[in-house]
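Before any comments, here is the structure.
Here the structure is a predicted model, which is why all the values come from computation and not from measurement.
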Amino acid sequence: MDKRAIVISSYYQKGGVGKTAFSVNFAACLSTLSGTKPSKENKNRVLFIDFDPHISASAYFQCTDSKYTIYDVLKQKVSIKDAIINKIYAYGRYGNCIIDVIPSTDLMHNIDDQYYDFPFLDGQFKHVLEEVMNDYDYIIIDCPPEKDNIFKLVFNATDYFILAADAVTVTIERLPQTYSLIREITTLKEPGKILGICFNKFIPTYCVDNINKTTCNDVAEMCKQYMHVFDNKIPNSSEVNSSFTNRTPIPFYHKNLHKCKKINSAFMHITIEILNEIKKYESE
């Protein structure tokens, strides 16, 4: 029996915290590693689904003018396979890497108003994914920051959640909400389904609270009381913005255009750490 894809969703309850950049580059790193599915490139087969109405990930992959989107799939206008776009990236002397993408659209903003007219409600989206579950090693979903009906669509289809955020936002704006979210999801889903929090735009000694002299490192340590915190952090880097402007994920931007070794290494290290964390759960 073929090994089924592992579905990983990136989520956080606020925009602008680096969630989409993390999702895109995590998927890109996965596509460079050896996979289990038959493929010409002998690398992981990765499907990226953009559920965010802000379509930032779709822009990153240059898919904003696509004929079909995840909205069309949810409305049963097309099958999930018909909405897939193949993105092929040259990876230096290592050959090509492929990421299949299902883009989003700003029509996803309408889901809350039209929710009960949709054929797939709440946990039923996982049945839509069944058509492709044996085709991929990993399915990565970029969730919108709002915990709305779009989130309900992907909730039960997700094997593992990763919270991606920056330390400043976690401390000042969303720390209590994050803890509440963790408790709620852990209660509703099987234990271990939340892998932990990945810190983006990380400057270890940056002071996020001048009164209490709290640094980003302090925030990461505080969070360990409530959830798993990944050892590897994504440093604050202008190369992430530059790669988005050039519509090329970091691993391929690094290999083909610029020598952004530090940020590329950070994304690769967090990818390996996430996979090792998943192995722990899969072996139990």
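Applying the side chain to side chain donor-acceptor pair (under 3.5 Å) criterion to Asn241, with sequence neighbours excluded, gives no partner residue. Considering only residues two or more places apart in sequence or on other chains, Lys77 meets the salt bridge (charged side-chain N to carboxylate O under 4.0 Å, His left out) condition with none of them. Here Ser56 pairs with nothing under the side chain to side chain donor-acceptor pair (under 3.5 Å) rule; sequence neighbours left out. A search for salt bridge (charged side-chain N to carboxylate O under 4.0 Å, His left out) contacts involving Glu130 returns Arg4, not counting sequence neighbours. Listed by chain and residue number, nothing satisfies the salt bridge (charged side-chain N to carboxylate O under 4.0 Å, His left out) test with Asp218 (two or more places apart in sequence, or in another chain). Residues passing the side chain to side chain contact (heavy atoms under 4.5 Å, CB included) test with Ser104, sequence neighbours excluded: Asp50, Ile55, Ser58, Ile70, Met108. Evaluation of the side chain to side chain contact (heavy atoms under 4.5 Å, CB included) rule for Phe230 yields Ile162, Leu195, Cys198, His228, Ile270, Glu273, Ile274, Glu277 as partners, not counting sequence neighbours. In terms of the salt bridge (charged side-chain N to carboxylate O under 4.0 Å, His left out) criterion, residue partners of Glu221 (sequence neighbours excluded) are, by chain and number, Lys224. In this structure Asn217 satisfies the side chain to side chain donor-acceptor pair (under 3.5 Å) test with no other residue, sequence neighbours excluded. Residues satisfying the side chain to side chain donor-acceptor pair (under 3.5 Å) test with Asn212, not counting sequence neighbours, are Asp209. Shown here are the ring-ring contact (aromatic ring centres under 6.0 Å, His included) partners of Phe61, two or more places apart in sequence or in another chain: Phe48.
Remark: the backbone N or O of Asp231 is paired with a side-chain donor or acceptor of Lys233 at under 3.5 angstrom.
Under the 3.5 Å distance criterion, with hydrogens and angles disregarded, no donor-acceptor pair is assigned to the side chains of Thr105 and Thr69. Using modelled atom types, one finds a donor on one side chain and an acceptor on the other under 3.5 Å when comparing Tyr253 with Ser242.
Note: the hydrophobic cluster containing Leu33 also contains Ile263 (ILVMFWY, side chain heavy atoms under 4.5 Å, direct or indirect links).
Rounded to the nearest 0.5 Å, atoms SG (Cys143) and CD1 (Ile49) are 10.0 Å apart.
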Please step through salt bridge (Lys or Arg N to Asp or Glu O under 4.0 Å) for the pair Asp137 and Lys43, ending with a clear verdict. CA-CA 9 Å; Asp137 294 283; Lys43 298 182 178 71; over 6 Å; no
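Residue pairs meeting the salt bridge (charged side-chain N to carboxylate O under 4.0 Å, His left out) criterion with at least one partner in residues 16-35, sequence neighbours excluded, are Lys19-Asp52, Lys19-Asp142.
Annotation: Tyr138 is not in aromatic contact with Phe26 [ring centroid separation under 6.0 Å not met].
Of the residues listed (Ile85, Asp65, Ile84), the one engaging Pro103 in a side-chain contact (heavy atoms from CB on, under 4.5 Å) is Ile85, and it is the only one.
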